[in-house]
Amino acid sequence: MAATLPMIAGALALGIPAAHAADSPGRDTLAGTKPAWATAKADKGATSDSSQVSARVYLAGRNASGLAAYAKSVSDPSSALYGKYLSAAQVQQRFGATTAQVTAVKSWLKSAGLKVTGTTQHYVTVSGDVAAVEKAFSTSLHNYSKGSKTYRAPSKTASAPDSLNGAVLTVTGLDNAPHKANHDDALPGPTAVFKNSGPFSSYYGSNTATTLPSAYGKKIPYAVQGYTGKQLRAAYGAGKYTGKGVRVAITDAYASPTIAFDAATYAKNHGDKKYSTSQLKQVLPSDYTQTEACDASGWYGEETLDVEAVHAVAPDANITYVGAASCFDDDLLDSLSKVVDNHLADIVSNSWGDIEANQTPDLAAAYDQVFQLGAVEGIGFYFSSGDNGDEVANTGTKQVDTPANSAWVTAVGGTSLAVGKGDKYLWETGWGTEKAALSADGKSWTSFPGAFTSGAGGGTSKTVAEPFYQKGVVPNALATANSATGNRVVPDISAIADPNTGFKVGQTQTFPDGSVQYSEYRIGGTSLASPVIAAVQALAQEARGGKAIGFANPSIYAKYGSKAYHDVTDNPTGSGLAVARVDFANTVDATDGLLTSVRSLGKDSSLSAVKGYDDVTGVGTPADGYVQSFVRSQGHR
């Protein structure tokens, strides 16, 4: 069961001053506000003037380009400003919108006939009819077909008066196509139970499937029952570090009503350290929305996985779960902003996302602004790279996921992990699964190795320019796959993700008889890799004396090629790798029979894990030298 992810944005480098529109004298264009799907061919005519619109007008602040520059310098180990972070209050004072800017923006919106419904330090919310919106933003709203549905969108790029002197960063909500995230895996009750059948291996290779057909010329082991914190800590070089004194935040949508009980029970069952008072906190909205559209209870398992994985690898780290009111962009952005505005943590794990084709540059700018504000405070954001490989099987188009594609976050890819007897690290492959079922007579695997089912997200962005820290590390063929000038390549770093070599979690679930009980199962996805890397970063921050690592990519790439990483390839043993897996047909018990299959490892769509940097695993996974390398990098100029 993969906690499959597949939300939203990530294109513009923030800090680009608003452009003057040649066809709109006295206006500053708000780049990206006309979505790519709003084409002349798809145009169904003007939207009714009386239709209602709700929008967010994001504030650029007093020095948008200065924010981007400071965020880069403070994160770059070769910069004189490295590690010279600002407090949340200093960030707002130096880069936030002024009172005069907010007043001017509100005055402009009201003069067009829009109602201002709310104001934060990041945006102004407005509502009104289409006619008022068209007047305010100097555009026309039309209806466009998108797939089988019809949505509203601007027929030309929106703009703001240049008399505002660039106070407006962007506006979202002019188009009403859904912008929401999926996790990859009064609120509704717990989801239906999922259980794994046996047989299992307790560590990789401990239980060989002697009665099943061979694969790649040999008998194969049964899938592990689910690794625990002890095994993952050993694999990724935790040593004596526990994350003591480090604050990790987790963002998802909604909130599991049983998280405290589940996390405590899981820790007790697996020898993880008991949670101390207030070590696990939740910051939640006053109410929730879109619970059906977002499958609210489906997010409970995501929170559970994230919390339990962080605690298993960094048992002394403080965890703050920040739940969004829904899985839609506006609410997810609010959760990220809460972390930054209140500096709730130095490390933020985010196991959600969407395909890059669904991103719009207006939202990308809003996300990047939050990530840059975080970087200036010493906060690093970690995002799952996706669970559908190159996305071709899922969408028909080769693409990466977002917000993992942002140049201002650490994109976490995935591996299949083999931990052997005595918690010994054996090897990893890039996560990519091909599945073949056992034949009716039990003597062979049908159409071996079978079809691609899932794998670590990765590849080259079509919209985000190549960031400075990837130059000289990412192979030119990958960087220039979509543009001669070079683009962002995903991921940056990786960890365990394959559900066939996955992590065991414990969660309260609803059983077929209607009872609600605590139960444990194995899970994977880059939704696992992200909190594991966040936990390893907590260990590294402790190792450097508690000094925040902040936006980590410049540091991660500076260590490329060193003993800090396991260089992961798809063929670490020289021959094909696979595990046997037995599942309940009904996902709960053997009543309806068992399904036996072979899962080949290291088969990620068109992506390959090769020697050096690759678009499945990035620079690799943390090795014994990784956490230790931060002990030596405490010095700041």
**Q** Could you tell me whether Lys504 atom NZ has more than 12 heavy atoms of other residues or ligands within 6.0 Å of it?
**A**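 Atom NZ in Lys504 is packed in, count exceeds 12.
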**Q** Using a 3.5 Å distance criterion without hydrogens, assess whether the side chain of Gln279 forms a donor-acceptor pair with backbone atoms of Pro315.
**A**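 At least one qualifying donor-acceptor pair exists.
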**Q** Do Glu428 and Thr415 have a side chain donor and acceptor closer than 3.5 Å?
**A**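 A pair is found: one side chain offers a donor N or O, the other an acceptor, under 3.5 Å apart.
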**Q** Mark yes or no: Lys559 above the aromatic ring of Phe630, with NZ or CZ under 6.0 Å from the six-membered ring centre and no more than 45 degrees from the axis.
**A**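 Here Lys559 passes the 6.0 Å and 45° test against Phe630.
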**Q** Checking salt bridge (Lys or Arg N to Asp or Glu O under 4.0 Å) between Asp583 and each of Lys435, Lys195, Arg599, which is the one that passes?
**A**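 That would be Arg599.
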**Q** Between Val322 and Leu344, is there a side-chain heavy-atom distance shorter than 4.5 Å?
**A**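 Side chain of Leu344 against side chain of Val322, heavy atoms only: contact under 4.5 Å found.
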**Q** Identify, with sequence neighbours excluded, every residue that meets side-chain contact (heavy atoms from CB on, under 4.5 Å) alongside Ala234.
**A** Asp423
**Q** Treating Asp492 as the side-chain partner and Ala411 as the backbone partner, does any N or O pair qualify as donor plus acceptor under 3.5 Å?
**A**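 Yes, because the side chain of Asp492 sits within donor-acceptor range (under 3.5 Å) of the backbone of Ala411.
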**Q** Test Thr429 against Asp570 for side-chain hydrogen bond (donor to acceptor under 3.5 Å, both in side chains), laying out the working first.
**A** CA-CA 4 Å; Thr429 72; Asp570 283 333; 5.0 Å; no
**Q** Any donor-acceptor pair under 3.5 Å linking the side chain of Ser605 with the backbone of Asp390?
**A**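 Yes, the answer is positive, given that a donor and an acceptor are paired below the 3.5 Å cut-off.
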**Q** Ring-plane angle category for Trp352 and Tyr367, please: parallel below 30°, perpendicular beyond 60°, tilted otherwise.
**A** tilted
**Q** Measure from the side-chain N and O atoms of His566 to the backbone N and O of Ala235, and report whether any donor-acceptor pair falls under 3.5 Å.
**A** yes
**Q** Does the ring centre of Tyr288 sit less than 6.0 Å away from the ring centre of Tyr254?
**A**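 Tyr254 vs Tyr288: aromatic centres under 6.0 Å.
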**Q** Could you tell me how the ring of Phe371 sits relative to the ring of Phe381: parallel (under 30°), tilted (30 to 60°) or perpendicular (over 60°)?
**A**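 Ring orientation of Phe371 relative to Phe381: tilted.
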**Q** Supply the atom-to-atom distance Gln541 CD to Asp346 CG, rounded to the nearest 0.5 angstrom.
**A** 4.5 Å
**Q** May I ask you to test the Asn586-Asp589 pair for a side-chain heavy-atom distance under 4.5 Å?
**A** yes
**Q** Is a side-chain N or O of Thr573 found less than 3.5 angstrom from the main chain of Ser575, in a donor-acceptor match?
**A**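 The answer is yes, because a donor-acceptor pair under 3.5 Å joins these two groups.
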**Q** Give the C-alpha distance, both sets of side-chain angles, the deciding distance and a yes or no for side-chain hydrogen bond (donor to acceptor under 3.5 Å, both in side chains) between Asn350 and Thr251.
**A** CA-CA 5 Å; Asn350 312 274; Thr251 73; 2.5 Å; yes
**Q** Do we see a donor-acceptor contact under 3.5 Å between the side chains of Thr191 and Gln509?
**A** no
**Q** Look up atom OG1 in Thr265 and atom NE2 in His270, then write down how far apart they are to the nearest 0.5 Å.
**A** 10.0 Å
**Q** Do Tyr222 and Leu212 make a side-chain contact, defined as non-hydrogen atoms from C-beta onward lying under 4.5 Å apart?
**A** yes
**Q** Please check this pair: side chain of Asn318 against backbone of Arg247, looking for a donor-acceptor N/O pair closer than 3.5 Å.
**A** no
**Q** Decide yes or no for Ile250 and Ile319: does some side-chain heavy atom of the first lie under 4.5 Å from some side-chain heavy atom of the second?
**A**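 They are in side-chain contact.
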**Q** Does any N or O in the side chain of Glu302 come within less than 3.5 Å of the main-chain N or O of Trp299, such that one atom is a donor and the other an acceptor?
**A** no
**Q** Just checking Tyr469 against Tyr557, ring centres under 6.0 Å apart?
**A** yes
**Q** Pair Ser454, Asp387 - check side-chain hydrogen bond (donor to acceptor under 3.5 Å, both in side chains), show working.
**A** CA-CA 6 Å; Ser454 53; Asp387 293 351; over 6 Å; no
**Q** Output the distance between atom OH (Tyr85) and atom OG (Ser75), rounded to the nearest 0.5 Å.
**A** 6.0 Å
**Q** Would you say Ser608's side chain and Val610's backbone share a donor-acceptor pair under 3.5 angstrom?
**A** no
**Q** State, to 0.1 Å, how close Thr501 and Leu417 come at their nearest heavy-atom pair, and which atoms those are.
**A** OG1-N, 3.0 Å
**Q** Just so I know, are the side chains of Val582 and Leu595 near enough to count as touching, which here means a heavy-atom distance under 4.5 Å?
**A** no
**Q** Mind checking whether Ile556 and Tyr626 have side chains closer than 4.5 Å, heavy atoms only?
**A**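 Yes, their side chains come closer than 4.5 Å.
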**Q** When rounded to the nearest 0.5 angstrom, what distance separates OH in Tyr275 from NE2 in His311?
**A**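 Reported to 0.5 Å precision, the distance equals 4.5 Å.
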**Q** Return yes if some donor-acceptor pair links the side-chain N/O of Arg581 with the main-chain N/O of Val224 below 3.5 Å, else return no.
**A**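 No, because the side chain of Arg581 does not come within donor-acceptor range (under 3.5 Å) of the backbone of Val224.
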**Q** Could you check whether the rings of Trp408 and Phe551 sit parallel, tilted or perpendicular, using 30° and 60° as the cut-offs?
**A** tilted
**Q** Once you round to the nearest 0.5 Å, how far does CG of Leu577 lie from CD1 of Ile220?
**A** 10.5 Å
**Q** Taking all non-hydrogen atoms of both residues, which atom of Gly323 and which atom of Pro285 are closest, and how far apart?
**A** O-CD, 3.2 Å
**Q** Within the structure provided, determine whether Thr526 and Ser351 are in side-chain contact (heavy-atom separation under 4.5 Å).
**A** no
**Q** Quick one about Ser519 and Gln517 (side-chain donor to acceptor, distance below 3.5 Å, no hydrogens or angles considered), yes or no?
**A**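 No donor-acceptor contact under 3.5 Å links the two side chains.
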**Q** Return the CH2 to OG1 distance between Trp431 and Thr617, rounded to the nearest 0.5 Å.
**A**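 Answer rounded to 0.5 Å: 14.0 Å.
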**Q** Assess the side chains of Ser515 and Asp513: does a donor N or O sit below 3.5 Å from an acceptor N or O?
**A** yes
**Q** Glu303 vs Ser256, test: side-chain hydrogen bond (donor to acceptor under 3.5 Å, both in side chains). Steps then yes/no.
**A** CA-CA 7 Å; Glu303 177 188 357; Ser256 167; 4.9 Å; no
**Q** Can a donor-acceptor pair be found between the side chains of Thr508 and Asp262 at a distance below 3.5 Å?
**A**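 Yes - a donor-acceptor pair under 3.5 Å links their side chains.
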**Q** State whether the side chain of Glu542 and the backbone N or O of Thr242 hold a donor-acceptor pair below 3.5 Å, judged by distance alone.
**A**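 At least one qualifying donor-acceptor pair exists.
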**Q** For the residue pair Asp306 and Asp252, establish whether any side-chain heavy-atom pair is separated by less than 4.5 Å.
**A** yes
